[in-house]
Amino acid sequence: MSLGRTPDLSSPPPVRRGDAAAAAQLTDGEWHRLHPATPLLKGGIVFVAIFFFVFQQFRERLVNMVIPQAGYDGEQGDPIDYVVSHNYVGFVLLGILVFIAVLVGLFWLAWRMHTFRVTGEVVEVRSGVVFRNHRKARLDRIQGINIARPFLARVFGAARLEISQAGNDANVQLAYLGSRAADDLRQRILQLASGARDSPGAGPRIDPATGRVIEQRMNEFLSPEFDPVATHATRVVKVHQGRLIGSLLLSETTVFILLAAAAIVVSVSLTGRWFLLVTLFPALIAAVGFYARKFAKSLQYTIASTPDGIRIGYGLVSTTNETLPPGRIHAVSVNQPLLWRPFGWWDVRINRASHSQGSRQNQQASSVVLPVGNAHDVREVLEIILPELVGAAVVGPAASLEDLQQGSAAAVGVVEESLTTTGDAGRFVRSPRRGAWLRPFSWRRNGYRHVPGAVLFRLGAIWRSLVLVPLPRIQSVRVAQGPIERTLRLAEVHVHTVHGPVVARIGAIEADDAMRLFAEAETNAIAAADTDTSHRWRERAGLARTPLEVTRQRHAVPAPGEPATTDAGLARTPLEVTRQRHAVPAPGEPATTDAGLAARLPFPTSSPAPVPPGWDATPRPEADR
């Protein structure tokens, strides 16, 4: 890649032959080893600690060698003087060499025993010398692939690849691979997971810097973190650096630090105990470190739409980028803190099915898609996220990308129009007037509505938020009513998705509206889940299936989530099989007249939704609401 090149995003990206073919040898089903510099990158901290220890012991002697006037004559009981005076220098040096050799041997053995392989079904990693560890990541459960390039790893041309899976601490990590091999391997794994294969006649990708290691390392080190042409990006959103600094200064952390500092200053002025000011210095150092880390992680922040999903990248010295395959996002929220309202800033967060073993701060950062942006940035990010989530439920899973974007346009437009609205604007079903007892500030804004392919909640008056849950990602719906809500004829609805920072819950709404939302969300979610194929997102493009799917087709074995074919050639989903087994009518079908079945049902089949005892299902005029 040449330096200083500015790609033309107005024209389609050039077609590369052998897309991800450079990593084809790593996905041949055989066991492979990691980058040769892995022992140094993983165990280098040990050598760094030894170096600083030795330097600390020789510090005064080194100063005396440079400045003889320093007059260092040694200390009583100095081990170095003891070794020199008793002529043990050779033995000590030999012991140090043996110690280093043992460490190098252990690191080399650990690298030798650390292998991985990629098949058409799973990614497997085996590690450990004494205690062996074997981890597997199924391709159909991959939630995202992250590539991190720490500063030292970039010097050696290496990168750390982490495969995120659904579940708690289920991720699989490959640390470290070659930088170019990591990019190609990620693309290859996502290609296998999508149900596609290489295009006919594909050949290996040629690296123009092959054989010139220094030039290749310089190009990799100086090149930008994100290359739209190399990633085939069709839409790119970048975070403004000035807006990023402003969002950090106008955060809740800043308010807490200022309040704590003001409390200490007031305490000093009232009590006269000046030693309390000493407590400000650790807090000041911690605050500076917090802001520096958060700012460094958000530098060069980009969100891009690629053929393999949503690509999120950031970092300057140490870079990180992650690709989220289509359909791996379970809920989206657009939020606006109170201090951001004068500037019109928002952030976008998502729920994902993967949870790493890292700190809570790292997990929260992995759920932030847009750290800060205006309404225009929010719309562009939603146009990247929603087509695969909402568009498929509107126009069907076999539609093209253009049709998916048109199918999600209505949802994107409603979200953009509802960022600051209140009351009945936007056709929201909002809280009644008596809901002010439970939502004194937000009852006018608190509401929900259905958009094509999703359920949308409008929440908060001080801290505004919009929560959007795609219909195929709804896991369950719960209606709750406490004693106070029962007295006020109100209820709460919770739409369950995977655990994350986005909570799809709305309270203080009419009990009848809550039951209507419950019934409609249930019916629409079942219908959307039956047609969802986002886990094999490239099959709608007519590309060939993987060898496992070819075998299933040959032996007439349905894949997980696909309808089973009966002898009569009628395709039935698992939901239809269950309904047939228990004689439960599908939505829109007439209920059976079997008296015994009707007695076993929990509520009359002619009722659109069950209404608990004591709830009034009679519609009331708006004046009474």
Side-chain angles (χ1 to χ4, degrees), residues 330-331 389-390 392-394 410-411 414 424 426-432 435 446-459 467-482 485-486 488-497 503-532 573-594 597-622 625:
H330 293 255
L389 298 178
V390 176
V394 178
V414 171
D424 297 327
R427 295 185 297 174
F428 277 85
V429 180
R430 64 177 179 86
S431 298
N446 192 64
Y448 77 90
R449 65 160 294 178
H450 294 277
V451 296
V455 178
L456 179 63
F457 292 161
R458 187 183 62 183
L459 308 170
V467 177
L468 186 140
V469 182
L471 292 177
R473 300 293 167 262
I474 295 179
Q475 297 185 351
S476 64
V477 184
R478 180 174 65 92
V479 180
Q481 188 182 51
E485 293 171 322
R486 189 178 299 114
L488 297 174
R489 301 193 307 276
L490 303 176
E492 178 186 82
V493 180
H494 189 179
V495 178
H496 296 97
T497 65
V503 179
R505 181 191 297 118
I506 183 171
I509 62 175
E510 282 277 5
D512 301 334
D513 294 335
M515 293 308 304
R516 191 174 299 110
L517 172 61
F518 174 86
E520 293 175 353
E522 177 192 21
T523 303
N524 296 336
I526 292 175
D530 287 342
T531 59
D532 181 48
T573 63
L575 177 64
E576 293 172 332
V577 174
T578 304
R579 283 187 172 130
Q580 182 182 17
R581 184 180 304 163
H582 299 281
V584 179
E589 295 183 357
T592 179
T593 58
D594 183 19
L597 173 63
R600 293 194 301 269
L601 292 178
F603 53 87
T605 56
S606 59
S607 176
V611 179
W615 287 22
D616 187 6
T618 306
R620 285 175 294 277
E622 178 63 25
R625 293 162 62 105

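Predicted, not measured: the structure shown is a model, and the values here were computed from it.
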Distance-minimising heavy-atom pair for Leu490 and Gly435: CD1-CA, 3.9 Å

Derivation of the side chain to side chain contact (heavy atoms under 4.5 Å, CB included) call for Val503 and Val467: CA-CA 8 Å; Val503 179; Val467 177; over 6 Å; no

Do Val477 and Val493 come within less than 4.5 Å of each other through their side chains, counting heavy atoms only? yes

So how far is it from Arg458 CZ to Leu468 CG, rounded to the nearest 0.5 Å? 14.0 Å

Between the OG atom in Ser431 and the CG atom in Asp513, the distance rounded to the nearest 0.5 Å is 9.0 Å

Apply side-chain contact (heavy atoms from CB on, under 4.5 Å) to Arg478 and list each qualifying residue two or more places apart in sequence or on a separate chain. Ala480, Glu492, His494, His496

Any idea which heavy atoms bring Arg430 and Asp424 closest together, and the distance? NE-OD1, 2.9 Å

Hey, does the side chain of Asn446 reach the backbone of Gly507 with a donor-acceptor pair shorter than 3.5 angstrom? yes

Side chains of residues 449-457: which donor-acceptor partners sit under 3.5 Å, not counting sequence neighbours?
residue, atom, partner, partner atom, Å
Arg449, NH1, Gly426, O, 2.9
His450, NE2, Glu520, OE1, 2.7

Heavy-atom closest pair, residues Glu510 and Arg489: OE1-O, 3.7 Å

Can you tell me how far CD1 of Ile509 sits from CG of Leu517, rounded to the nearest 0.5 angstrom? 6.0 Å

Exercise: identify the closest heavy-atom pair between Val479 and Ala514: CG2-O, 4.2 Å

